[in-house]
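In what follows, a single structure is set out as structure tokens and then discussed.
Chain letters run A, B, ... following the sequence lines, proteins first, then strands; residues in each count from 1.
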Amino acid sequence: MDPLEPFREEVRIAARKAFAQMGADVSFEIEVPSTGIADFAVPCFPLAKKLRKAPPILAEEAAALIPPLDLVSKVWADKGYLNFQLNDSKLSVSTLEAIEAMKGSYGQGDLERKKVLLEHTSVNPTGPIHVGRARNPIIGDTLARCMRAYGYDVTTEYYVNDVGKQVVMLTWGLENIPAEDVPEVAGDKLDHRLVVYYQKANKMMESDPEVEKQVGQMLRRFEDGDEEVMGKVRKTAKLMLDGIIESLLSINVIIDQFTWESQFIKDGSAHRVVEELKRSEHCSEEKGACYLELKPFGIHGKETRFFFTRADGTTLYTTRDMAYHLDKFKRADRMINILGEDQKLGQAQLAIALKLLGQDRAPECVFYSFVSLPEGRMSTRKGTVVYLDDLIEEAEERALEEVRKRRTDLSEERMREIAKAIGRGAVRYNIVRVQPEKPLVFKWEDALNFEGNSAPFVQYAHARACSIQRKAGASVGAYDPASLTNDYELRLIRVLARYPSVIREAGEKARIQVLPAFGHELAAAFNQFYTYVPVLKGEENREARLALVDATRIVLANVLNTLGLSAPEEM
RNA sequence: GCACACGUGGCCUAGCUUGGAUAUGGCAGCAGCCUCCUAAGCUGCAAGUCGGGGGUUCGAAUCCCCCCGUGUGCGCCA
């Protein structure tokens, strides 16, 4: 239920009629002017060519042809635009009614419940998740929430890489490196305790040929399907994964299911992919290794061949990824992958190969740029990383300091709870507010920003609304939405009315960055209202204003929830 | 070398898909606002060659071409 829809429809019909009378039966856009000069605007520029008149004149003519409307209070022409101002009280009624009726599901669109499989995170289980990688689960989980808010049936999935050199090396390290050769680690989180073995094994590989030989042998046994080695590797991967899952949970990211890469070797599906690709006319081989020549498909670079087997006939990562995607196709209507920008070529190759396998579908990808540190890029191997766990801890500590500054009346436990909500929220918010494809340089002061365009700003507005309601006591009685007539009230209502459009854009077009922007706008509009319009202390309109506070609280909570942030009732 | 992405006030960022009205916010800076629903707030000021140059168009931050800078990729790795 979109409260703006009837208004948009009336504007559309009125403009179409007017244009028809002028002899221009053309299609046109209905915009929301960025300048805030009107509620809706129809640019008359497209008519100019057909009618051979200047747009400002056409806009004047059209404005004169539009009769008084039911939902629109004012129609006027300005600089080639046909502008519409909506009827305030009708808009208030439509908006507040929609919110009170739908509550937590306000924003939902009406679409059939399509099944969406959204793969995100999927980081190698060789170390704790660091803030560079953390962009992935935060984008993925937020998109999943936006799509659910819009009405999709979303399942999130983590593809666990338990195959290959990296995990084998980690496993070798755990078995062969004595504890005293590895730096001491604070805390008892397993991923942090284990990663030092991975780093040490990496260093030893570089300098010691014997180590390289041993790891190589282990890898060979693994590829030959040695049950013992495969079991061990899977076990270490699982240990690491549990640590990663715990970290994700701390930023409120919950993954619905896990698919293990080794599965596609065991069940033979990766092999079936190989057999089928071999039949392709684009397939050739070099010393027994099979590849597809992808130059005709627009792949550029030093190497345009796409290998899908080794010389010994074993499968490669990408081959298994194809088997994985064929499996995904059976399970969902829409597939979305959240991936680092380093995966772009791989995904292009995957899409072509899937086509050659006779598939007419391909996953939709959201690529994000890497997060770097001011001094350069992060690497688990080199140990130049900021771990997500450390960032969360620091964020919560800083938040706790801030809470202590402001509140002396709360119990220690309550303060910690609030600090958790704020710290974790700030981390998520500061990542989703920027477009995925923009490069991000990690700076502590940005990541822990608690003012202005930040999670606490939105959460604070929510806490203020709750506070008013707590003090008001009894629930809202009878009220007349039409009595909300001052600028602050009307501005706030106009923002509330836009929420369903924002969810549509975020959920359907995967443009999640519009949601934090909307949250900030809504919180700002409410803060102004809060500053200038007394609710409890004002004698007039108490009930209607309380209803507006309630509606705002509901929408702020929806925004926060959809961003994966908690909505504290006090701060 | 080739391909893809990014470049918007000191810093971060919206707008680019679908060209249109004075380019959106925030941080930092300056000046104000707490006897009044939590000042993580509010108000005002200052700050911009939209990387550079061409082109298309009545009109370009937005589309096209060239160039510059940054990032990423071009493994019988995952």
*Look at the side-chain N and O atoms of A/K438 and state whether any lies under 4.0 Å from the OP1 or OP2 oxygen of B/rG7.*
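Checking A/K438 against B/rG7: at least one side-chain N or O falls below 4.0 Å of OP1 or OP2.
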
*Does the side chain of A/S34 get closer than 4.0 angstrom to OP1 or OP2 of B/rU24 through an N or O atom?*
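Result: no.
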
Does [X] reach a base, just sugar-phosphate, or nothing at all? Heavy atoms under 4.0 Å.
X	value
A/L316	sugar-phosphate
A/I299	nothing
A/R511	sugar-phosphate
A/R407	base
A/A311	base
A/Y291	nothing
A/P55	nothing
A/T35	base
A/A472	nothing
A/D409	nothing
A/D78	base
A/K471	sugar-phosphate
A/E261	sugar-phosphate
A/P43	nothing

_When you measure from the side chain of A/E31 to the backbone of A/P33, do you find a donor-acceptor pair of N or O atoms at a distance under 3.5 Å?_
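Looks like no, no N/O pair under 3.5 Å.
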
_Please check this pair: side chain of A/R406 against backbone of A/E402, looking for a donor-acceptor N/O pair closer than 3.5 Å._
yes

Roughly how many Å is it from [atom1] in [X] to [atom2] in [N], rounded to a whole number?
X	N	atom1	atom2	answer
A/H462	B/rC37	NE2	P	20 Å
A/R135	B/rG71	CZ	P	16 Å
A/K443	B/rA28	NZ	P	15 Å
A/K165	B/rC76	NZ	P	13 Å
A/Q349	B/rC74	CD	C1'	9 Å
A/Q513	B/rG25	CD	C1'	14 Å

Do other residues, nucleotides or ligands put more than 12 heavy atoms under 6.0 Å from the [atom1] atom of [X]?
X	atom1	value
A/E543	CD	yes
A/E29	CD	no
A/H271	NE2	no

*Would you check if there is a donor-acceptor pair between the side chains of A/E157 and A/Y324 at a distance under 3.5 Å?*
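Yes, A/E157 and A/Y324 have a side-chain donor paired with an acceptor closer than 3.5 Å.
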
When you get a sec, tell me which of [options] is the closest nucleotide to the side chain of [X]?
X	options	answer
A/Y532	B/rA3, B/rC76, B/rU43	B/rU43
A/D342	B/rA40, B/rA39, B/rG73	B/rG73
A/N527	B/rG41, B/rA40, B/rA5	B/rG41
A/E341	B/rU72, B/rU13, B/rA40	B/rU72
A/M571	B/rG73, B/rA40, B/rA3	B/rA40

*Write down the partner of B/rC63 under the Watson-Crick or G-U wobble criteria, each distance required to be under 3.5 Å.*
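When the pairing criteria are applied, B/rG55 turns out to be the nucleotide that pairs with B/rC63.
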
